[in-house]
Amino acid sequence: MKIIYDKEIKTMGIKSFFKNAFSSMKKSAKAQHEVDKANFEAVKAESKANFEENRGSKTFAKAKADAKKNWDEAHMTPAQRNEKMQKEREQQIADAKKRTEEANKRIEQAKNSK
């Protein structure tokens with residue numbers, strides 16, 4: 001196998017090629033492991049922070065109401081689920097239109113102020 005470095009031809013044997021390749025893969029795997037480990041610790045800390053922040057605010061009654069809501073949503077008929085989803089989409093469209101109108105007003109104000 002021939003590898004060109006700065007227009008100089010050097011030959012590399014199969015043994016050294018695989019040695020370099022596996023060495024590179026080992027370094028890459030170690031680096032990825034460190035990234036994964038750091039990400040895991042970050043998610044773990046964030047989860048604990050969320051738990052601590054919500055510790056006093058999530059009462060038993062609220063948890064029970066949330067569970068009932070989830071239960072009811074899970075046992076909806078397809079027609080009911082479609083109707084609910086349509087209402088949510090209509091609300092999102094209305095909110096988006098409102099934001100668009102506000103942005104257009106800001107654009108007009110910016111154009112008029114110059």
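These numbers come from a predicted model, not from an experiment. Sequence positions, counted from 1, serve as the residue numbers for this chain. Below, each value reflects all heavy atoms present in this structure, side chains not excepted, and no hydrogens, waters or symmetry copies.
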> So among Lys19, Lys27, Lys26, which one has a side-chain contact (heavy atoms from CB on, under 4.5 Å) with Ser23?
Replying inline: Lys27
> Looking only at atom types and distance, does a side-chain atom of Ser47 sit under 3.5 Å from a main-chain N or O of Val43, one as donor and one as acceptor?
Replying inline: yes
> Of the options Lys84, Gln91, Glu90, which is the one that meets Glu88 in a side-chain contact (heavy atoms from CB on, under 4.5 Å)?
Replying inline: Lys84
> Met76, Trp71: one ILVMFWY side-chain cluster at the under-4.5 Å cut-off?
Replying inline: no
> Does the pair Asp95/Arg99 count as a salt bridge with the N-to-O cut at 4.0 Å?
Replying inline: no
> Side chains of Gln92 and Arg89: do they bring a donor and an acceptor to under 3.5 Å?
Replying inline: no
>> Side-chain heavy atoms nearer than 4.5 Å, only ILVMFWY residues, links allowed to pass through others: does that put Phe40 and Val35 together?
In response: no
> Which heavy atom of Arg81 sits nearest a heavy atom of Glu73, and at what distance?
Replying inline: NH2-O, 3.2 Å
> What pair of heavy atoms forms the shortest contact from Ser16 to Gly13, and how long is it?
Replying inline: OG-O, 3.0 Å
>> With a 4.5 Å cut-off on side-chain heavy-atom distances among I, L, V, M, F, W and Y, is there a chain of contacts connecting Met25 to Ile14?
In response: yes
> Out of Met85, Lys87, Gln86, which residue meets the side-chain contact (heavy atoms from CB on, under 4.5 Å) rule with Glu83?
Replying inline: Lys87
> Taking Ser24 for the side chain and Asn20 for the main chain, is one N or O donor matched with an acceptor at less than 3.5 Å?
Replying inline: no
> From Ile107 CD1 over to Thr100 OG1, what is the distance, rounded to the nearest 0.5 angstrom?
Replying inline: 9.5 Å
>> Do Glu108 and Asn104 make a side-chain contact, defined as non-hydrogen atoms from C-beta onward lying under 4.5 Å apart?
In response: no
> Do Glu46 and Asn50 meet the criterion of a side-chain donor-acceptor pair at a distance under 3.5 Å?
Replying inline: no
